[in-house]
Amino acid sequence: MSINRIELQAMAQILHNLWFEPPGEELLEMVAQIPFAEQWPLGDSAPDVMQACRALDNSDANQAELQMDYTRLFVGPGVPLCPPWGSVYLCDTGLLNDVSTQALAQFYRDTGLELDATRNEPVDHLGLMLAVVANALAQNCDEAGQSTIPAFMDSYDDVAFSTAWIVRLLREFLMPFAPQCIALLASKAKTDFYQALAPLTLNYLQSLQAQLETELADKQA
């Protein structure tokens with residue numbers, strides 16, 4: 001299944017919000033306005049993805065329950081049950097801002113990308129990386145060299161992202177830890193809302209990587 005750039009970017013933006021933003025009124029209103037079962041582009045790609053879409057459509061957890069689940073999963077106190085930072089999984093120390101985080105930051109700097117997050121989060125936060133994916137897809141130009149969709153992060157509209165760049169981000173920095181992180185989310189989340197986020201994210205990342213790897217191979221053939 002091949003998905004167009006606009007749909008790929010939109011899914012990355014939504015997933016970024018769900019991973020990165022606490023479940024306040026604005027986020028929950030956004031989710032309520034999306035008919036996931038009808039409109040999620042990958043909804044019919046696997047039974048667990050459609051089940052997750054329906055769970056988000058029918059989620060009856062209140063804001064306090066979602067906030068508690070979000071906090072225990074991604075924030076703490078203490079070690080969160082689903083740490084969203086790559087270095088926790090990729091480095092023997094299990095600490096934040098270790099060598100894998102530094103390598104990702106250097107990869108960004110080499111491209112001219114400097115993140116200015118609203119929260120002081122390490123750059124290898126899975127939610128932040130999804131924001132970068134969304135922006136990269138927006139800036140990934142067509143054959144005529146024209147940007148096809150608006151950038152998600154306006155301040156980086158002068159950074160050129162190629163398909164090869166996005167593939168490298170996925171290969172070297174995101175996919176080496178994302179499946180393990182997502183598996184923790186699936187096993188530790190108490191609400192249907194956050195349990196649904198696991199298959200949506202894994203399916204999206206695997207589908208995105210497979211599609212872009214194929215596109216890159218076709219270009220290089």
Side-chain angles (χ1 to χ4, degrees), residues 11-24 27 48-49 52 61 65-111 113-136 153 156 165-210 212-213:
M11 287 188 285
Q13 288 182 219
I14 292 168
L15 293 172
H16 155 70
N17 288 331
L18 293 174
W19 277 91
F20 194 69
E21 300 297 338
L27 177 67
D48 62 337
V49 177
E65 291 173 326
L66 293 175
Q67 181 64 58
M68 184 178 298
D69 210 16
Y70 174 89
T71 300
R72 60 189 287 278
L73 288 166
F74 303 133
V75 180
V79 179
L81 296 179
C82 177
W85 308 283
S87 63
V88 173
Y89 306 90
L90 299 177
C91 297
D92 292 338
T93 62
L95 299 176
L96 301 185
N97 292 309
D98 209 328
V99 292
S100 64
T101 315
Q102 297 164 24
L104 175 61
Q106 185 61 55
F107 174 64
Y108 287 165
R109 284 194 296 270
D110 290 344
T111 312
L113 176 62
E114 294 288 344
L115 294 187
D116 183 19
T118 55
R119 300 204 308 258
N120 185 26
E121 290 282 1
V123 296
D124 59 347
H125 187 294
L126 195 152
L128 274 180
M129 296 181 76
L130 283 163
V132 172
V133 168
N135 190 63
M153 299 184 292
Y156 306 119
W165 189 93
I166 305 172
V167 166
R168 187 179 170 197
L169 175 66
L170 292 166
R171 281 181 188 170
E172 298 183 18
F173 301 104
L174 184 48
M175 292 307 286
F177 82 91
Q180 186 178 352
C181 176
I182 293 166
L184 277 178
L185 175 62
S187 65
K188 301 297 184 181
K190 288 187 174 181
T191 58
D192 291 344
F193 186 95
Y194 283 108
Q195 287 176 357
L197 181 57
L200 283 188
T201 307
L202 183 61
N203 175 264
Y204 170 76
L205 290 174
Q206 290 174 336
S207 299
L208 174 67
Q209 184 174 28
L212 296 186
E213 293 272 12

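Because only heavy atoms are used, hydrogens play no part in the values below, and waters and symmetry mates are left out as well, while side chains stay in. Since the structure is predicted, the reported quantities are computational estimates derived from the model, not experimental observations.
- For the atom pair I182 CD1 and W19 CH2, the distance stands at 5.5 Å (nearest 0.5 Å).
- Around the CG atom of D92, the shell of radius 6.0 Å holds no more than 12 heavy atoms that belong to other residues, nucleotides or ligands.
- Remark: side-chain polar atoms of D124 are paired, donor with acceptor, to backbone N or O of S87 under 3.5 angstrom.
- No donor-acceptor pair closer than 3.5 Å links the side chain of D98 to the backbone N or O of C91.
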For side chain to side chain contact (heavy atoms under 4.5 Å, CB included), just list the numbers for V123 and Y108, CA-CA rounded to whole Å, side-chain angles, deciding distance to a tenth of an Å, and then say yes or no. CA-CA 9 Å; V123 296; Y108 287 165; 4.2 Å; yes
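- Taking the six-membered ring where tryptophan is involved, the planes of F107 and W165 are essentially parallel, since the angle between them stays under 30° and well short of 60°.
- Across all their heavy atoms, A12 and Y204 have their closest contact at CB-OH, 3.4 Å.
- Residues L104 and M129 are in side-chain contact: their nearest non-hydrogen atoms beyond the backbone lie under 4.5 Å apart.
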The test is side chain to side chain contact (heavy atoms under 4.5 Å, CB included); show your working for F20 and L27 and say whether it passes. CA-CA 10 Å; F20 194 69; L27 177 67; over 6 Å; no
Using side chain to side chain donor-acceptor pair (under 3.5 Å), reason through D110 and Q106 one step at a time and then give a plain yes or no. CA-CA 6 Å; D110 290 344; Q106 185 61 55; 2.7 Å; yes
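- Between atom CG of residue L130 and atom CG of residue L18 there is a gap of 9.5 Å, rounded to the nearest 0.5 Å.
- Note that the CG atom of L115 and the CZ atom of R109 stand 10.5 Å from one another [nearest 0.5 Å].
- Rounded to the nearest 0.5 angstrom, H16 NE2 and T201 OG1 are separated by 12.5 Å.
- Of the possible polar contacts, none joining the T111 side chain to the L113 backbone as a donor-acceptor pair under 3.5 Å is found.
- Residues C181 and C82 approach most closely at O-SG, 3.3 Å, considering heavy atoms.
- Note: Y194 and Y70 have tilted aromatic rings, judged against thresholds of 30 and 60 degrees for the angle between ring planes.
- Closest non-hydrogen pair, G76 versus P80, comes out as N-CB, 4.0 Å.
- A donor-acceptor pair is defined here as one N or O able to donate and one able to accept, closer than 3.5 Å; such a pair exists between the side chain of R72 and the backbone of K188.
- Remark: the backbone N or O of N97 is paired with a side-chain donor or acceptor of Q102 at under 3.5 angstrom.
- Counting only heavy atoms from C-beta outward, the side chains of F173 and L90 never approach each other to under 4.5 Å.
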Would L170 and L205 count as a side chain to side chain contact (heavy atoms under 4.5 Å, CB included) here? Give the steps. CA-CA 8 Å; L170 292 166; L205 290 174; 4.3 Å; yes
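- Rounded to the nearest 0.5 Å, atoms CD (Q195) and CG (L73) are 9.5 Å apart.
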Applying salt bridge (Lys or Arg N to Asp or Glu O under 4.0 Å), run through E65 and K190 and close with a yes or a no. CA-CA 9 Å; E65 291 173 326; K190 288 187 174 181; over 6 Å; no
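- Counting heavy-atom neighbours within 6.0 Å of M68 CE, excluding the residue itself, gives a total of 12 or less.
- Separation of atoms CH2 (W85) and CG (L126) is listed at 11.5 Å; rounding is to 0.5 Å.
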